[in-house]
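One structure below.
In this text the structure is predicted, and so the values were computed from the model without any measurement.
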Amino acid sequence: MAEVTLTNIAKAYGNLNVIENLNLAIADKEFVVLVGPSGCGKTTTLRMIAGLETVSSGQVMIGERDVTYLRPGSRDCAMVFQNYALYPHMSVADNIAYGMKVRGVPKGERDAAIGNAARILGLDAYLDRRPKQLSGGQRQRVAIARAIVRDPKVFLFDEPLSNLDAKLRIETRAEIKALHRRLETTIVYVTHDQVEAMTLADRVVVMHDGRIEQAADPITLYDRPANTFVATFIGAPSMNLLPVTVDRQNGDARLRLETGETLTPLPEQANHLGADGETLILGIRPENLTDERTLVAGAAPADERWSSATMTVETVEPLGPHTLALGAVGEKGVTAQIDAHRHVAIGDQVSLQFDMARIHMFDATSKKRIG
């Protein structure tokens, strides 16, 4: 079994606390992606699992073994780095076999392992080439093959696609996903790219300032973000966040925008909105903020589901299937997804339709999700 369990992990460099009291349990055969902005602690966490960084306190378990203070080579992990770390003077086959050769694995076993890894990753035709004769994607596959032949309990990937162009990133991403299905092993993967995280992971761990903000499957992260940081980090374009004030003076609850316009929540949402005059943050994704009302089967009637507010258009971005209109509601920047054939010009006033069944409410102080 290859569970990875981090318990009360902390990491400090002198007086600088990078990670404090981090707890994470990764199941056997699970593909977990650590994602977050630069400096959030995701790579440091990965390196502590690998043993390349010592923990300041806490415990690292792989399976039933406490590996907290074991050297990297004794942890039964294989790490794939961002920069490939291939030996330029060696052939692909020799690069793949180097670790086995150092460990004294017999040549027959080495050759069998090389052949198996090359078959899995489509490298059969490149075994005699040097790294400089390969594309970036092929070099990364060699680095992955070198990890595979170790037959580790846990694979660790540190931003392995960062040096690839957009097309190669997509292709290599698919290869890594397929590799996980074939090998059925535990993978811990670090990236700053939320699209990469969402497409690869069984579970995404969103990190910020050395702590875990939310750990969940990709759809849960997208549909029910735990706080405003996760709401804006996951999803492209980011979720819109608008300050609103609860208005209960006339019986029915309303959400008053800074412009004075009001939005009407659905009846089942009204009870979670707090007292009259309370300030909250309303979140809504661009695809739920549009210029046309649509009725979704089984949803609330169209007249209840939608509310409107006025946006001043500042930028228009045609994307083919739809267009993004960027502008402001009052002083607050907003992105809306509108019909691709709707002509909108800079400076236009657009009546935005809020799909109230798709709004997210957050506490203005704690920034945590409400309801």
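The shortest side-chain heavy-atom distance between Thr262 and Arg256 falls under the 4.5 Å cut-off. Tyr189 is listed as a side-chain neighbour of Pro160, based on a closest heavy-atom distance under 4.5 Å.
Hydrophobic cluster membership differs between Val60 and Phe157, with clusters built from Ile, Leu, Val, Met, Phe, Trp and Tyr side chains linked at under 4.5 angstrom. Tracing side-chain contacts under 4.5 Å through hydrophobic residues (I, L, V, M, F, W, Y), one reaches Leu6 starting from Ile26; they form part of the same cluster. Under a hydrophobic-cluster definition in which Ile, Leu, Val, Met, Phe, Trp and Tyr are linked whenever side-chain heavy atoms come within less than 4.5 Å, directly or via other members, Tyr222 and Val205 are assigned to different clusters. The cluster map of Ile, Leu, Val, Met, Phe, Trp and Tyr, joined by side-chain heavy atoms under 4.5 Å apart, puts Met79 and Met48 in the same cluster. Cluster annotation: Ile148 is not connected to Phe81 through the hydrophobic network of ILVMFWY side chains, with a link wherever side-chain heavy atoms come within less than 4.5 Å.
For Lys177, the NZ atom sits in a packed shell: over 12 heavy atoms of surrounding residues, nucleotides or ligands are nearer than 6.0 Å. Residue Arg71 places its CZ atom among 12 or fewer non-hydrogen atoms of other residues, nucleotides or ligands, all under 6.0 Å distant. Environment of OH in Tyr98: sparse, with no more than 12 heavy atoms of neighbouring residues, nucleotides or ligands closer than 6.0 Å. The environment of Glu331 atom CD is sparse: at most 12 non-hydrogen atoms of other residues, nucleotides or ligands sit within 6.0 angstrom.
Remark: Glu30 engages Arg203 in a salt bridge, criterion side-chain N to carboxylate O under 4.0 Å. Arg119 has no carboxylate O lying under 4.0 Å from a charged side-chain N of Asp124, or vice versa, which leaves the two without a salt bridge.
A side-chain donor-acceptor contact under 3.5 Å links Thr68 and Asp66. Between the side chains of Thr5 and Glu3, no donor-acceptor pair is found at a separation under 3.5 Å. When only modelled atom types and interatomic distance are considered, Thr191 and Glu159 share no side-chain donor-acceptor pair under 3.5 Å.
At distances below 3.5 Å, not a single donor-acceptor pair connects side-chain atoms of Thr186 with backbone N or O atoms of Val154. Judged by distance alone, with hydrogens and angles left aside, the side-chain atoms of Lys153 form no donor-acceptor pair with the main-chain N or O of Asp76 at under 3.5 Å. No donor-acceptor pair under 3.5 Å is formed between the side chain of Glu109 and the backbone N or O of Pro106.
Of the residues listed (His208, Glu213, Arg369), the one engaging Asn227 in a side-chain hydrogen bond (donor to acceptor under 3.5 Å, both in side chains) is Glu213, and it is the only one. The side-chain contact (heavy atoms from CB on, under 4.5 Å) test with Phe155 is passed by exactly one of Ile187, Leu179, Ile144: Ile187.
How far CG of Asn163 is from CG of Asn83: 7.0 Å, rounded to the nearest 0.5 Å.
Pro37 and Lys42 make their closest contact through O-NZ, 3.2 Å (heavy atoms, listed as atom of the first residue, atom of the second, distance). When every heavy atom of Ile49 is checked against every heavy atom of Cys77, the shortest pair comes out as O-SG, 4.3 Å. Shown here for Pro131 and Arg139, the closest heavy-atom pair between the two residues is O-NE, 2.9 Å. Heavy atoms only, all atoms of each residue included: Ala325 and Ile338 are closest at CB-CD1, 4.1 Å.
For Arg75, the side chain to side chain donor-acceptor pair (under 3.5 Å) test picks out no residue, with sequence neighbours left out.
Below 30°, between 30° and 60°, or above 60°: for Phe362 and His360 the angle between ring planes is below 30°, a parallel geometry.
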